[in-house]
Amino acid sequence: MSQQFLIRGGSIVDSTRDETRADVLVRDGLVVEVGPNLDSAGAQVLDASGCVVAPGLVDIQVHFREPGREDSETIETGSRAAALGGFTAVVCMPNTNPPLDDAAVVQSVLSRGRQVGLCDVRVAGCITKSRAGRELAPLGELYDIGVRIFTDDGDCVADANLMRRAFEYSSALHGAVIAQHAEDPDLVAGGHMHEGEWSAKLGIPGRPSEAEIVIVARDIALARRTNGRYHVLHLSTAGAADLVRIAKAEGLRVTAECTPQHMTLTDAACEGYDPVFKMNPPLRSEIDRDGVRRALIDGTIDAIATDHAPHAPETKEVPFEEAPPGMLGVETAFAVAHTELVATNILTMRQLVARMSFQPAAIAGFGNEHGRPVAPGERANLVVIDPLATWTVDASKVASKSRNTPWAGRELTGRVRHTLLNGVPTVINQETTK
Ligand SMILES: [Zn+2]
């Protein structure tokens, strides 16, 4: 039996058009018709009046903690949170236990993602075996089963020669990208927050901006040398943003992402020693925050990615210096970015959709299935967003298994109403369908 859905009364925003009023008819996984006043006969109607209809959001950096830390998050709870946040595809980072450095583990995560069926769960593979930074992981083997992003995220690949070889090897793999958690391990050793005025005031050892800047500078030089493709994960400093801007002007194959928190919050948030504001790279100074924001606005930063990093409550209910780094992100990312950038007329809705859908989809190599125009024949991975809806983040009500959201109590503008994955709703009226 064919399944039909009619998304009625919304305005389409995608890579080819902006705020075009049209209904969207979805059948058997595909968009089949787009136009005004479509006939709803035989279709379930999804109300989109007052809403934007866009390609589903794509998050190229999440931690769903499975395998290894299912007490913090699972592929199921993470997928649920992602669907509620409007995401139709995510890329799980490989710092699981065991790490995603061989085909069997990768396959098990992919098949669990398909089984849950709330989001297209893809993975990044390790650059080095066991993320130990000593020898290359089997990049070719991982590439052959669909991996396109390689990273040791959580840790930086510090060895420049190994990084060079990763670029050389991956440049022969079409569409593969080397993604770096850019923090020089020696410079950040023992540090728990951004090194600056606030770390001095609070007496917490710091992680300087230079830790990111020196790695990004080095990696860009290696990418130039090897014609490698390079992506900066969770870029957090004005200095690294400047380096990426110059590299792009030079025509190098360099991209970058930032998180909602790095373009919004600063190290001042750590004032109350609340570990919810601890992450790596850390929340930084106003100068860095403003630099990241500028780079996101001018297109130097291609994508917003959440670095969704759940931690079970008991692991975060410890002194700041003992807490693990990381914050939740997928359920709130769109609303935070929308509140900060679109509701304030800094970016248009289309520019935000670019940074949260089609640009990250292109970086991750799944631009054939996600981030596509809302047009007949395209796979129906879609999100319906009410830009005027206001809501307050309630940490006790998140779908994630963990509660470590830095946005608790925040009023946000813009909310995901429906999400469709492969033509089937995963979220209707802000609730998951299974
Ligand atoms: Zn990272």
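Residue numbers start at 1 and run along the sequence shown. Because only heavy atoms are used, hydrogens play no part in the values below, and waters and symmetry mates are left out as well, while side chains stay in. All ligand and atom numbering here is 1-based and tracks the order in the structure.
- Across Phe366 and Ala89, no two heavy atoms sit closer than the pair CE1-CB, 3.9 Å.
- Counting non-hydrogen atoms of other residues, nucleotides and ligands closer than 6.0 Å to CD of Glu197 gives a total of 12 or fewer.
- A salt bridge does not link Asp101 to Lys129: none of the charged nitrogens lies less than 4.0 Å from a carboxylate oxygen.
- No side-chain N or O of Gln180 forms a donor-acceptor pair with one of Thr151 less than 3.5 Å apart.
- Side-chain atoms of His311 and Arg403 include no donor-acceptor pair closer than 3.5 Å.
- For the atom pair CD1 (Ile12) and SG (Cys51), the distance works out to 13.0 Å, reported to the nearest 0.5 Å.
- Here 3 is the count of protein N, O or S atoms positioned under 2.8 Å from the Zn ion (ligand 1), waters not counted.
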